[in-house]
Amino acid sequence: MAAISRDEVANLARLARITMTHPLAVNNVTREDLVLPSLTPTEALSGAPASDEGRFKVPQILGEE
Amino acid sequence: MSIRDNASVMAAALNNKEISAVELTNQHYEQIAAVDKDVHAFLYLDKEGALAQAKEVDKKRAAGEKLSPLAGVPIALKDVMTQKGVPTTCGSKILEGWKPPYDSTVVSKLKDAGVIILGKTNMDEFAMGSSTENSAYGPTHNPWDLTRIPGGSGGGSSASLAAFEAPLAIGTDTGGSIRQPAAVTGTVGVKPTYGGVSRYGLVAFSSSLDQAGPCARTVLDTALLHQVIAGFDPKDSTSINQAVPDLVAAAKKLDIKGMKIGVVKQLAGDGYQKGVENKFNEAVAELVKLGAEIVEVSCPNFEYALAAYYLIAPSECSSNLAKFDSMRFGLRVGDDGTKGAEEVMNLTRQAGFGREVKRRIILGTYALSSGYYDAYYGSAQKVRTLIKQDFDAAFTKCDVLVSPTAPTTAFKIGEKSNDPLAMYLNDIATIPVNMAGIGGMSLPCGLAEEDNLPVGFQIMSPAMKDDRMYLVGGALEAALISKWGKPILDFAPKLAGSK
């Protein structure tokens, strides 16, 4: 196997220093903590495979021990 | 006026009261009834909702209300965008029958503009694919040749345009899913700058790459639609809070004298069909005749774009698709009271996801696993930076970049469905645009001599300079149509029963 050249080491060092941010200059977005209109409980449950008393009904999560 | 007219012609006819929105909508449903059994562009038709929307537009117009330029013009919506109360499947069994309780921002904007939503179009499952063969509901057929693919993932949208079932359509583009279908069907499609059109209500595949955009039969129609759906949306955390450039004015300008157009050296040669290269070169010659200056640019890191994309996109998909857990919405399988949640979740995913989706979830989960994250996902993100740097350097030498959109014309249904790598290579020229978050357009530039099928010409513009694609695209389209004597879709064989 050929020896690794100085240029290859330099190139690897350069690649190791590349960092990726968002491709465009945008900042992290947080909105004001305001209460805004959202889905009603009925709407939120409208696609649920099963629901009961205004809640999602799911299969048993913990085993019986 | 006929359904073969462009959206802008339909809009003018509506405005002059030569036709009502209800009549125009019904004419499109007649065409769908006549040809969609062969094309299979649509998964769902919302005739009742569309006609109610059309009546409303007609009423407003009769009352003399000021309406948006596209009010009353019909549109086909890719089945990955939520529309309240209308089934949204993403081409997957796991969402069969799901009716979203909310409108995506794109749909809200279309409704506000009075654009009539005809129905939902077919797609590769969760937008993963380049042929629409990965749809759980069967493939869509290319109107140019029903034995061929209409591109993907947005093959339903592109086919609906080429079959005159709709004059406008919405697509989404993660690695080429708007542009490659446009290329192989002889239609126009634009991937806007990332953040230019809201992703709210777009069922996510790869969130840092996904972008909704406009599709139509002409550059001007695409610009009109782009202008309706674009703009800042506080509901999308990566939405860009900047004014949208005047895209319609750019599409109408038809003057590109003195513009510098860069041809990307790496997006040609091996793997590109001869007829594709010939039509691309002829279109570049047209740009020269129009007064543009051509410069060759080199983007050496594009070589790694495909490999990096197939780490980033599956990684993000494996995270995004974890929400299909059978608990809150969508399919649930095997819940007979004896099985626990984890087993039900497994059974549901086994039954609900198709092969390609499972392949990408497994790839992504592996790439993100502890100890591999930096080596795979981290390295891929570095490649992404290098690609962006290539674009930045190229754009110092020219105003836009051009290349063929796809390396080949439409291939046969079934030809590549068992060879994922061959399928992935279709997106070699479109993926760099998504990786850098910039804008990309595909418009038809002729028929390849080997097979008489349409070839796509890609125009790439810097971020938030989407108007440049429309400027160059509009001028090139006008020059090519005057050379051909008629629009490219007039060369396509007529479908049985079609108007």
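Order of the sequence lines sets the chain letters (A, B, ...), proteins ahead of strands, with each chain counted from 1. Excluded from the calculations below are hydrogen atoms, water molecules and symmetry mates; all remaining heavy atoms, backbone and side chain alike, are included.
- Within 6.0 Å of atom CZ in Phe232(B), more than 12 heavy atoms from other residues, nucleotides or ligands are found, so the atom counts as buried in its surroundings.
- Arg328(B) CZ to Ser51(A) OG: the interatomic distance, rounded to the nearest 0.5 Å, is 14.0 Å.
- Residue Leu39(A) touches chain B through its side chain alone, counting heavy-atom pairs closer than 4.5 Å.
- Proximity to chain A (any heavy atom under 4.5 Å) is shown, for Lys235(B), by neither the backbone nor the side chain.
- A salt bridge does not link Glu43(A) with Lys99(B): none of the charged nitrogens is closer than 4.0 Å to a carboxylate oxygen.
- Residues Pro49(A) and Met327(B) are not in side-chain contact: their nearest non-hydrogen atoms beyond the backbone lie 4.5 Å or more apart.
- From Gln60(A), atom CD reaches atom OG1 of Thr338(B) across 10.0 Å, with rounding to the nearest 0.5 Å.
- For chain A, no part of Ser379(B) is nearby; none of its heavy atoms comes within less than 4.5 Å.
- Within 6.0 Å of atom NZ in Lys57(A), 12 or fewer heavy atoms from other residues, nucleotides or ligands are found, so the atom counts as exposed in its surroundings.
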Open item on the list: Assess the residue pair Leu15(A) and Leu386(B) against the criterion (side chain to side chain contact (heavy atoms under 4.5 Å, CB included)); give the C-alpha distance rounded to whole Å, side-chain angles, the decisive distance to 0.1 Å, and a yes or no.
Closed with: CA-CA 9 Å; Leu15(A) 292 174; Leu386(B) 294 173; 3.7 Å; yes
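- Interface remark: Ile387(B) contributes no atoms to any contact with chain A (heavy atom separation under 4.5 Å).
- Annotation for Lys111(B): atom NZ counts as buried by contact number, over 12 foreign heavy atoms lying within 6.0 Å.
- The line from OG of Ser46(A) to OH of Tyr102(B) is 11.5 Å long, rounded to the nearest 0.5 Å.
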